Amino acid sequence: QVQLVESGGGLVQAGGSLKLSCAASGSIFGINDMGWYRQAPGNQRELVASITISDRTIYADSVKGRFTISRDNTKNTVYLQMNSLKPEDTAVYYCNAKKTNRYGTFNTWGQGTQVTVSL
């Protein structure tokens, strides 16, 4: 089993910055991709950014140029640096890890961390 623990959420004013961290533990062998998703009240959970084992990144159009995802494999941790935050970024942010083995691909989710951006 894989456990993901997020931290770094909080309340900031529009234009501010926040950095989220997600530490993976447990059976981390086989994790290929990690990413950040978010879900605002009444909305679907959506991909914010993802990063592969080879550091290839994908960003949602809404956060390009403002958010940066990175990972430290020695610490089994993925980060999301969020700059120029907007009220529309307000959501619960979830860390995700994809693990592949002979049986298929499996996803693990963190518990979520609240990000609130005020005007």
Side-chain angles (χ1 to χ4, degrees):
Q1 72 284 358
V2 177
Q3 296 87 39
L4 301 176
V5 179
E6 303 109 326
S7 63
L11 199 163
V12 297
Q13 289 186 318
S17 297
L18 212 57
K19 187 173 184 178
L20 307 182
S21 299
C22 173
S25 62
S27 301
I28 62 174
F29 182 82
I31 293 178
N32 302 117
D33 305 334
M34 298 187 72
W36 289 94
Y37 293 70
R38 67 187 181 188
Q39 187 168 20
N43 291 356
Q44 296 274 354
R45 186 173 299 186
E46 64 177 354
L47 173 69
V48 177
S50 66
I51 184 167
T52 69
I53 193 68
S54 59
D55 290 335
R56 183 177 182 179
T57 58
I58 296 175
Y59 295 93
D61 288 339
S62 59
V63 307
K64 286 181 179 177
R66 300 188 298 119
F67 291 10
T68 302
I69 189 170
S70 61
R71 67 192 301 172
D72 185 341
N73 292 326
T74 65
K75 299 179 180 179
N76 301 313
T77 301
V78 64
Y79 306 92
L80 185 67
Q81 177 66 51
M82 304 184 293
N83 298 325
S84 301
L85 283 163
K86 305 175 181 179
E88 304 91 89
D89 297 318
T90 296
V92 177
Y93 284 70
Y94 297 91
C95 182
N96 170 266
K98 292 183 179 179
K99 184 177 181 179
T100 301
N101 59 28
R102 62 183 298 174
Y103 301 106
T105 300
F106 305 90
N107 285 279
T108 300
W109 297 91
Q111 84 286 353
T113 184
Q114 177 70 48
V115 172
T116 302
V117 184
S118 63
L119 291 172

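Keep in mind that this is a model prediction, so the values were computed, not measured.
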*With T52 via side chain to side chain donor-acceptor pair (under 3.5 Å) - residues at least two apart*: S54

*Which pairs, with at least one residue in residues 67-79 and sequence neighbours excluded, count as a salt bridge (Lys or Arg N to Asp or Glu O under 4.0 Å)?*
none

*asked:* With rounding to the nearest 0.5 angstrom, report the CD1 to CG distance, I51 to D33.
replied: 9.5 Å

*asked:* What I want to check is whether the side chains of E6 and Q111 have a donor and an acceptor closer together than 3.5 Å.
replied: yes

_So, using side chain to side chain donor-acceptor pair (under 3.5 Å) as the criterion, who are the partners of T105 when residues are at least two apart?_
T100

*Sequence neighbours excluded, every pair satisfying disulfide bond (SG atoms under 2.5 Å apart) that has a member inside residues 37-77*: none

*side chain to side chain contact (heavy atoms under 4.5 Å, CB included) between T68 and L80: does it pass, once the steps are laid out?*
CA-CA 6 Å; T68 302; L80 185 67; over 6 Å; no

_Using the side chain to side chain contact (heavy atoms under 4.5 Å, CB included) criterion, which residues pair with N101? Sequence neighbours excluded._
Y103, F106

*Of all the heavy-atom pairs spanning I69 and T57, show the shortest one and how long it is.*
CG2-CG2, 3.7 Å

_Nearest atoms (heavy-atom pairs only) where I31 meets I53_ = O-CD1, 4.2 Å

*Locate the shortest heavy-atom distance separating M34 from C95; write the atom from each residue and the value.*
CE-SG, 4.0 Å

*Kindly write out the residues that satisfy ring pair (Phe, Tyr, Trp, His ring centres under 6.0 Å) with Y37, not counting sequence neighbours, or none if the list is empty.*
W109

*If a pair satisfies salt bridge (Lys or Arg N to Asp or Glu O under 4.0 Å) and one of its residues is in residues 43-54, list it, with sequence neighbours excluded.*
R38-E46

Return all side-chain donor-acceptor pairs below 3.5 angstrom for residues 8-29, not counting sequence neighbours, or 'none' if the list is empty.
{"from": "S17", "atom 1": "OG", "to": "N83", "atom 2": "OD1", "distance (Å)": "2.9"}
{"from": "S25", "atom 1": "OG", "to": "Q3", "atom 2": "OE1", "distance (Å)": "3.4"}
{"from": "S27", "atom 1": "OG", "to": "Q1", "atom 2": "N", "distance (Å)": "3.2"}

*asked:* Please say yes or no: joined through hydrophobic side-chain contacts below 4.5 Å, possibly via intermediate residues, are M82 and Y94 part of one cluster?
replied: no

_K98 NZ to N107 CG distance, which is reported to the nearest 0.5 Å_ = 6.0 Å

_Quick check: closest heavy atoms across L119 and P87, and the distance to 0.1 Å?_
CD2-CG, 3.3 Å

*Atom of V2, atom of T108 and distance for their closest heavy-atom approach*: O-CG2, 3.3 Å

*Quick one: which residue pairs count as a disulfide bond (SG atoms under 2.5 Å apart) with a foot in residues 30-80, not counting sequence neighbours?*
none

*Do any pairs count as a ring-ring contact (aromatic ring centres under 6.0 Å, His included) and have a residue in residues 47-93, sequence neighbours left out, and if so which ones?*
none

*Are any non-hydrogen side-chain atoms of S7 and T113 less than 4.5 angstrom apart?*
no

_Residues which pass side chain to side chain contact (heavy atoms under 4.5 Å, CB included) with E88, listed by chain and number, not counting sequence neighbours_ = K86

_The criterion is side chain to side chain contact (heavy atoms under 4.5 Å, CB included); which residues satisfy it with D61, sequence neighbours excluded?_
K64

